[in-house]
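What you see is a predicted model; the values in this text were computed from it and never measured. In the text below, chain A, chain B and the rest are named by the order of the sequence lines, each starting its count at 1.
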Number of protein chains: 2
Amino acid sequence: MKTGYRSHNNGELRMTHVGEEVSLVGWVQKSRDLGGLTFVDVRDRYGVTQLAFNMESNEVLCKKARTLGREFVVQAKGKVAERSSKNKNIPTGEIEIVVDELTVLKEAKLPPFTIEDETDGGDELRMQYRFLDLRRNPLKKNLLLRHQMGLETRKFLSDQAFIEVETPYLIKSTPEGARDFVVPSRMNPGEFYALPQSPQTFKQLLMVSGYDRYFQIVKCFRDEDLRADRQPEFTQIDCEMAFVEQEDVLMTFEGLVKHLFKSLKDVEFEGDFPRMDYAEAMERYGSDKPDIRFGMELKNISHLAQNKGFQVFDSCEAVIAIAVPGCAEYSRKQLDALTDWVKRPQIGAKGMVYVKCNTDGTFKSSVDKFYSQEDLAAWAEFAGAKTGDLILVLSGGLDKTRKMMNELRLHMGDELGLRDPNVFKPLWVLDFPLLEWDEETKRYHAMHHPFTSPKKEDFDKLESAPGEVRANAYDLAINGVEVGGGSIRIHDSSIQSRMFDLLGFTKEEAKAQFGFLMNAFEYGAPPHGGIAFGFDRLCSLFGGQDSIRDFIAFPKNNSGRDVMIDAPAVIDETQLKELSLRVNMESPVK
Amino acid sequence: MKTGYRSHNNGELRMTHVGEEVSLVGWVQKSRDLGGLTFVDVRDRYGVTQLAFNMESNEVLCKKARTLGREFVVQAKGKVAERSSKNKNIPTGEIEIVVDELTVLKEAKLPPFTIEDETDGGDELRMQYRFLDLRRNPLKKNLLLRHQMGLETRKFLSDQAFIEVETPYLIKSTPEGARDFVVPSRMNPGEFYALPQSPQTFKQLLMVSGYDRYFQIVKCFRDEDLRADRQPEFTQIDCEMAFVEQEDVLMTFEGLVKHLFKSLKDVEFEGDFPRMDYAEAMERYGSDKPDIRFGMELKNISHLAQNKGFQVFDSCEAVIAIAVPGCAEYSRKQLDALTDWVKRPQIGAKGMVYVKCNTDGTFKSSVDKFYSQEDLAAWAEFAGAKTGDLILVLSGGLDKTRKMMNELRLHMGDELGLRDPNVFKPLWVLDFPLLEWDEETKRYHAMHHPFTSPKKEDFDKLESAPGEVRANAYDLAINGVEVGGGSIRIHDSSIQSRMFDLLGFTKEEAKAQFGFLMNAFEYGAPPHGGIAFGFDRLCSLFGGQDSIRDFIAFPKNNSGRDVMIDAPAVIDETQLKELSLRVNMESPVK
């Protein structure tokens, strides 16, 4: 760490260094005057060290120290001394530097918010002055975690004979999937590159090339309308293996995730990660990425709740309940708030029914008019509610009610503090449906992508009951967050043709869109499959936070803008001309 | 390496495995029938193993083996056996697999060129079928080297407290420097992102943020007219350090380069890398990246050659010679070929003079008419030519002649086999000029970039003799290849203003172009500097090859096209509309 400017960093000096002549550099965190003494805390990436100045022993220097403003960049030379009043809160708190030479390397304007763990800066201001926000410890910790995660990922995979191969960023636009960002080519007028949404094609080609274990930590790009916490550019741990079955992929990457937890969080898991098939996950949790840190599982009480005269339940497809532990005492106000919460457009429930399982063994519900105490007792038993619990019930179409109930379950988990960010519960979700019916286009879409292999045992349902065909596709969910997902790919041409038929492609369309990869397969494609992890997401999970934004050094806002550098921006007319382009603001813009 | 498809790879079986039941997979490299026996070589990433079939013991299986075509993907199960005739050339050459089960996992079309170390495929065909070319050992070796170099770079730098930070790819276009690739923003109609030519601004911001040791292995983009061996997207090892002087940067990255040589090539260097200032490099080698594997240094013999009546030399600025060892016997034809070579437009010499230092002590030159034996003896002595050497002389403007002579020197080095790709001679080139005079715009340009710090001792020449001001800028050259370069940055505002003045920027222009970074500096920029290495170039150097193309998995051709996926390409009219763009083919296109 020693350089021409410093002998030590601000995190390393201890009692053992007392008496040494040192040279430190850093930013002024704060300073205070105590009678004839002045103390200045100097911060760098490694910590904070106190500089001490004494009006009596060196008036000129002490006066100079008193002119230092917050965030000035300074160099101080002096002797390490024991502090009279020690600060147990920081590692360097036992010592201070008795300064005999002080240089201001750079003065600093007052930052628009405080550079402290808890800052007074609003989101917008912090984004605009990201370079100052990045000085704060929480962000520094996040970026260090990200760096470590990259290192450990590469170490683990390389030790397993994976090779990192860089795939190109200037590729070809494909009409499938999300919207591409495109890049006009000056040398090929009227033509465009596209930025990759993922290196999918290239990693499959690398399997054809025989690089049987590929990975890459790589930027991907999607020009989607940005929902909260989506970024137009994001990072993936992209992986592919050849000559593997699903089990090989799962065990290999379970190994990776375990290694990351052990090396970065000192968390160890006993035995294999639990697995659940998609159908069960949807039934028990209403989600394909269940948070299994807590129970409160979904129970379909339709058979108990219907045909008792309550029109709302009688007329719907499904009545689903969860038993919220220890909440029978919820007040009218609390229940109203919950009802309002589920009625928000993001959730979309029409209403909510509750049943209090009172401590005296009676039940009090919002539908007492229609259900007897015995009826409610049956609900409670079926939903697994005990005395003192609160049963919450939503109803409607099966799929929609499950989804709403998933949201409500997670919300109640949050309310009751059951989602401890320091507890990690991974879950493999398996056997995803191969196809998804799209109401709008009235046809099936590939749930994962068109090369995802159907399960062998479902081959004969491909034409007869395509909606029921399960895929060799898998997701890894941790704490309700989808951190990774992948599939075994089709490498059999006849299955691939049946797949294209199902997706409603004519031979010509299939050829136009996927012909290149299909053609490459003709030259000897091995059986293969892979997975991709959301790197930003994995970082935020490990960092115990919901948002990925503070795990990205320079993120964009929800309009896809970098407000710090003010991008995107208009470009010169000559630049446009060179690209054979014209901006056409009259065209329909969303 | 064990998966559901294989128990071992094709590079690991040895005599110690004899008798074991194994399962192998791979591509059919070749097969041959010897009477009642058939042998099939199966290849994967790890090697080749021989499968053995016997018509007598299993006719059906042997017949099946005889149907295998080149590059078929197969799985073979059987027992490891000792070979009767061993192949010492491959690690698995002592054993073979007596196969009892053979599965064709995928048939393969005949590849358009042979998948062997020396292929019969032309460049174009190999680019088009890159996924097949990548199966060949030389390319596999290159990509593995690249993977290892990435790993070792990250390991070394992380051990030195560097942190890898991902900077954004969608940034802002700047009119300075090379041409940007731009990305239209759909959400911000009429506005464009730019792809980074380097993360320069962001790495300097990270210094302001206090991340005093940053690195990133990162893709960069330049929309330049592609000369041979340039790629529109290329990879950099990008680094920056704060609180450092030039010496800190040089020693740190000399450490990195030594580590890479030691770990990847088992090459060790004695002592520090030699250093040479720019002026000396230009004088002695006519190049800012001298190949110091061999001598043949440039000698300015103007004082000896001028004013002797030879009009060509008398009328020019400089007469420069090199002594080519042991080539006095060059024939007329060889000398004519050399003269033609220097007269090619790429070199641009008007002619060449030679002096043969004959073994009998006499001299024979192409300018005997003007120079006596004594004159030529003086040349020989000054140029360091010994008996049996050939002196080659070019003349003209000083700078141009040096450049031409550099080319000729390298050419002769190649001719004489003095440029051994297994010998590595690094050299730091220091004290580059700060500014470059541009004849076209009649103003100074920053040689490195506008934030490069002038040397303190030259501060007072900034206005009086700007052309003489040297910069704290450095390049690392190895074997005549510039592998890295960087500088200490200006962090003093007053020096920065003087620099902008020199570059002819008004205050407004400076603010418009660099205001954002300058403003960030106002909040406390530490002294800092950095370096960037060309990763593709470093790989090709380590791989002992001149071209970077075969160290990139999926490169583009000289028109910036990926001929394999056929990108760039036209995009849908709807895509253009969404981007508020129109293609305008009438605009002047270069």
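With a 4.5 angstrom heavy-atom cutoff, B/Gln216 does not touch chain A via any of its atoms. For A/Leu110, the part lying near chain B is the backbone, with the side chain staying farther off; criterion is any non-hydrogen pair under 4.5 Å. Contacts of A/Phe202 with chain B are made by both backbone and side-chain atoms, with heavy-atom separations under 4.5 Å. Residue B/Asp566 touches chain A through both its backbone and its side chain, counting heavy-atom pairs closer than 4.5 Å. When heavy atoms are compared at a cutoff of 4.5 Å, B/Phe72 does not approach chain A at all. For A/Phe215, the part lying near chain B is the side chain, with the backbone staying farther off; criterion is any non-hydrogen pair under 4.5 Å. Looking at B/Met207, the atoms closer than 4.5 Å to chain A (heavy atoms on both sides) all sit in the backbone: N, CA, C or O. Using a 4.5 Å cut-off between heavy atoms, B/Arg146 touches chain A through its side chain atoms alone. For B/Gln575, the part lying near chain A is the side chain, with the backbone staying farther off; criterion is any non-hydrogen pair under 4.5 Å. In this structure, the portion of B/Asn558 lying under 4.5 Å from any heavy atom of chain A is its backbone and not its side chain. If you measure heavy-atom distances from B/Arg43 to chain A, you find no contacts under 4.5 Å at all. In this structure, chain A has no heavy atom under 4.5 Å from any part of B/Phe234. Heavy atoms of B/Lys140 lying under 4.5 Å from chain A belong to its backbone as well as its side chain. Interface residue B/Val73: only side-chain heavy atoms are found under 4.5 Å from chain A.
Donor-acceptor pairing under 3.5 Å is lacking for the side chains of B/Tyr193 and A/Asp562. Judged by distance alone, the side chains of B/Tyr5 and A/Asp248 never bring a donor and an acceptor atom under 3.5 Å apart.
No other option in B/Asp44, B/Asp492, B/Val208, B/Val570 has as many heavy-atom pairs under 4.5 Å with chain A as B/Val208. Comparing B/Ala194, B/Ala553, B/Gly190 by how many heavy-atom pairs each has under 4.5 Å with chain A, the most go to B/Gly190. Highest contact tally toward chain A, considering only B/Ala569, B/Ala161, B/Ala567, B/Ala108, is held by B/Ala569 [criterion: heavy-atom pairs under 4.5 Å]. No other option in B/Leu139, B/Leu206, B/Val165, B/Val74 has as many heavy-atom pairs under 4.5 Å with chain A as B/Leu206. Looking only at heavy-atom pairs under 4.5 Å with chain A, the residue among B/Phe554, B/Tyr523, B/Tyr129, B/Phe521 that has the most is B/Tyr523.
Note on ring orientation: taking the six-membered ring where Trp is involved, the planes of B/Phe221 and A/Tyr169 are perpendicular (angle over 60°, cut-offs 30° and 60°).
Of the possible donor and acceptor atoms, none in the side chain of A/Glu164 sits under 3.5 Å from a partner among the backbone N and O of B/Gly150. Using a distance-only test at 3.5 Å, with no hydrogens or angles considered, a donor-acceptor pair links the side chain of A/Ser209 to the main chain of B/Phe131. Side chain of B/Tyr211 to backbone of A/Leu134: a donor-acceptor contact under 3.5 angstrom is found. A/Asn188 places a side-chain N or O within 3.5 Å of a backbone atom of B/Ser559 that can act as its donor or acceptor partner. Checked by atom type and distance alone, the side chain of A/Trp27 never pairs as donor or acceptor with a backbone atom of B/Gly210 at under 3.5 Å.
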Report task. Check the pair A/Leu205, B/Arg130 against side-chain contact (heavy atoms from CB on, under 4.5 Å), reporting the backbone distance first and the verdict last. Result -> CA-CA 9 Å; A/Leu205 283 177; B/Arg130 186 71 172 178; over 6 Å; no
Requested in this report: Output, in order, the C-alpha distance, side-chain angles, deciding distance and verdict of side-chain contact (heavy atoms from CB on, under 4.5 Å) for B/Asn9 and A/Phe243.
Outcome: CA-CA 11 Å; B/Asn9 67 49; A/Phe243 302 112; over 6 Å; no
Query raised in the report: Does the side-chain contact (heavy atoms from CB on, under 4.5 Å) test come out yes or no for A/Asn584 and B/Leu581, once each step is laid out?
Result: CA-CA 5 Å; A/Asn584 173 29; B/Leu581 286 181; 5.9 Å; no
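B/Met187 contributes atom CE, which lies 8.0 Å from atom CG of A/Asp223 (distance to the nearest 0.5 angstrom). B/Ile163 CD1 to A/Leu145 CG: the interatomic distance, rounded to the nearest 0.5 Å, is 10.0 Å. Rounding to the nearest 0.5 angstrom, the gap separating the CZ atom in A/Arg582 from the CG atom in B/Leu576 is 13.5 Å. One distance of note links CG of A/Leu170 with CD of B/Glu233; it measures 4.5 Å at 0.5 Å rounding.
Of all the heavy atoms in A/Ser493 and B/Lys106, the pair that sits closest is OG-NZ, 3.2 Å. Between A/His491 and B/Leu105, the shortest heavy-atom distance links the atoms NE2-O, 3.2 Å. Nearest approach of A/Phe181 to B/Pro184, heavy atoms of both residues: CD2-O, 4.3 Å. Here the closest heavy-atom approach between residue A/His147 and residue B/Ser158 is recorded as CE1-OG, 3.3 Å.
Taking the side chain as every heavy atom from C-beta outward, A/Glu166 and B/Phe535 approach each other to under 4.5 Å. In this structure the side chain of A/Asp212 never reaches within 4.5 angstrom of the side chain of B/Val25, judged on heavy atoms.
Electrostatic pairing of B/Arg186 and A/Asp225 counts as a salt bridge here, judged by a charged N lying under 4.0 Å from a carboxylate O.
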